[in-house]
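Every value quoted in this text rests on a predicted model; they were computed, and no experiment measured them. Just so we're on the same page: letters track the sequence lines, and every chain starts at 1.
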Amino acid sequence: MSTEKLEQLMKGLAGKQLSDGVGLSIEMFDAENAVACIKVEDREEFPIYMTVDEGQILCISYLFGDEQVDPDKRAAMVEAMLMMNVSIPLSAFSKIGDQYIMFGALSPAASTDELLHEIELLSDNVLEAIEAISDYLKEAA
Amino acid sequence: MGIFNKLLTAVRGGATEVGEAIVDSQAIRILEQEIRDSKKALHDAKTGLTSIMAEKMGVDRKVKDLTAKITEHEAYAMQAMEKGDENLALDIANKIAEFEHELTIQQGIRDGYDSKVASLKKMIRQSERNIQAMDREVSVVKTTAKVQKANDLASAKFSGSNSSLRSATESLERVKARQQQREDQAAAAMELHADENGDDLQARLKNAGIVDSGSSGSSILDRLKKQKEQS
């Protein structure tokens with residue numbers, strides 16, 4: 001994980017807006033593991049965590065934990081996620097520990113514009129995905 | 001074991017160790033040890049590659065020397081034949097045969113080095129990728145733990161409990177409500193703007209005398225009177 005490269009990317013994104021004029025805030029989340037936290041204006045509930053190494057730039061958004069999944073619908077949900085994966089533009093579902101995530105990966109040589117596009121799509125995809133998957137989640141208490 | 005298998009073992013191991021944070025799990029610690037070992041192996045492989053490439057350069061030089069010597073002696077043999085010295089020409093030709101034999105051997109050695117270098121380079125690339133993948137896995141797991149901690153803190157701060165704020169569907173509802181509000185505000189602002197423009201236009205039309213500013217009681221009464229006269 002490269003802190004230097006991450007700081008470069010952060011500098012590139014600073015003050016930038018998404019295509020519809022929506023603002024972004026970006027800050028170092030975890031300097032030890034070189035992770036930045038990006039918040040899209042009005043969507044602060046679903047921050048995007050960005051990290052970079054020699055192989056790729058990784059953007060991750062956390063959807064929900066295992067405890068929010070209706071246990072009876074878990075297998076069906078996982079199957080639905082797998083089947084949705086291909087048609088979701090630039091993002092894919094995954095799981096880290098007990099957290100379901102959505103992520104997108106870019107070449108480390110990607111431009112700031114490409115990175116912005118990735119962030120915008122990931123942010124949109126996360127909202128769409130939770131909407132689509134909410135049937136499999138426990139009713140909100 | 002392939003790299004994907006290793007990663008799967010690590011995440012499975014982490015997930016099955018109930019009650020223990022995945023970051024502190026034995027599987028992740030094993031993966032971290034594996035990364036250290038792989039990095040050491042990678043370093044050794046790179047050192048090995050350097051020395052093999054140096055040896056190969058030595059062989060390359062020998063091949064070049066032999067090729068030059070063969071060309072040189074072929075010229076000598078031609079000269080000997082031109083002078084009609086068949087014996088000398090035959091001696092030189094024998095020498096050339098020796099050189100050619102040696103050249104074949106050295107070329108074989110060089111080819112061996114070439115394929116060794118290629119396979120070492122491939123191995124190095126592969127282990128670099130593996131290390132990256134393992135590094136990424138460990139870092140992603142550690143980050144997730146920190147994100148969860150941060151989320152818990154945020155939840156506690158806002159709601160006192162950590163159930164309501166963390167629900168993905170409720171978060172989505174909040175985001176959507178905010179977006180709707182923003183859209184409504186934008187629409188209202190646009191309407192207001194249009195109204196203002198409309199008012200402004202009316203005022204300018206009146207000022208210009210195009211729209212009668214007194215167009216109310218008296219003008220309507222006049223119009224009605226005219227209608228009555230016509231009927």
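- To the nearest 0.5 angstrom, A/Phe46 atom CZ is 8.0 Å from B/Arg174 atom CZ.
- Counting heavy atoms of neighbouring residues, nucleotides and ligands inside a 6.0 Å radius, atom NZ of A/Lys95 exceeds 12 of them.
- Inter-residue side-chain proximity for A/Leu127 and B/Leu172 is flagged as met; some heavy-atom pair is nearer than 4.5 Å.
- To the nearest 0.5 angstrom, B/Gln132 atom CD is 5.0 Å from A/Asp53 atom CG.
- Remark: B/His73 NE2 is packed, more than 12 non-hydrogen atoms of other residues, nucleotides or ligands lying under 6.0 Å away.
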- Task: List the steps and the verdict of salt bridge (charged side-chain N to carboxylate O under 4.0 Å, His left out) for B/Lys142 and A/Glu32.
- Result: CA-CA 10 Å; B/Lys142 285 186 170 172; A/Glu32 187 195 331; 5.1 Å; no
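- When all heavy atoms are compared, the tightest approach of B/Arg178 to A/Asp42 is NH2-O, 2.9 Å.
- Atom NZ of B/Lys62 has 12 or fewer neighbouring heavy atoms from other residues, nucleotides or ligands inside a 6.0 Å radius.
- Only the side chain of A/Ile60 comes within less than 4.5 Å of a heavy atom of chain B; its backbone N, CA, C and O stay farther away.
- In this structure, chain B has heavy atoms under 4.5 Å from both the backbone and the side chain of A/Ile130.
- Neither the backbone nor the side chain of A/Glu128 has a heavy atom closer than 4.5 Å to any heavy atom of chain B.
- For chain A, the nearby part of B/Arg182 is the side chain; its heavy atoms alone come within less than 4.5 Å.
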- Quick one: do A/Phe29 and B/Val147 satisfy side chain to side chain contact (heavy atoms under 4.5 Å, CB included)? Show the steps, please. CA-CA 9 Å; A/Phe29 173 75; B/Val147 168; 3.8 Å; yes
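- In this structure, B/Lys69 places its NZ atom where only 12 or fewer heavy-atom neighbours from other residues, nucleotides or ligands lie under 6.0 Å away.
- Note: B/Ser167 OG to A/Glu67 CD = 9.5 Å, rounded to the nearest 0.5 Å.
- More than 12 non-hydrogen atoms from other residues, nucleotides or ligands lie less than 6.0 angstrom from CE of A/Met28.
- Of the inter-residue distances, the one linking A/Thr51 atom OG1 with B/Asp135 atom CG reads 10.0 Å to the nearest 0.5 angstrom.
- The neighbour count for B/Gln33 CD, taken as heavy atoms of other residues, nucleotides or ligands under 6.0 Å away, is above 12.
- With contacts defined as side-chain heavy-atom distances shorter than 4.5 Å, the pair A/Leu58/B/Val140 qualifies.
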- Item | Derivation of the side chain to side chain contact (heavy atoms under 4.5 Å, CB included) call for A/Val35 and B/Lys146 | CA-CA 10 Å; A/Val35 181; B/Lys146 289 200 178 168; over 6 Å; no
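- Side chain of A/Gln99 to main chain of B/Thr144: no donor-acceptor pair is present (N/O by atom type, distance under 3.5 Å, no hydrogens or angles).
- Going from atom CD of B/Glu173 over to atom OG of A/Ser134 covers 8.0 Å, rounded to the nearest 0.5 Å.
- Using a 4.5 Å cut-off on side-chain heavy atoms (C-beta onward), A/Glu54 and B/Glu128 make no contact.
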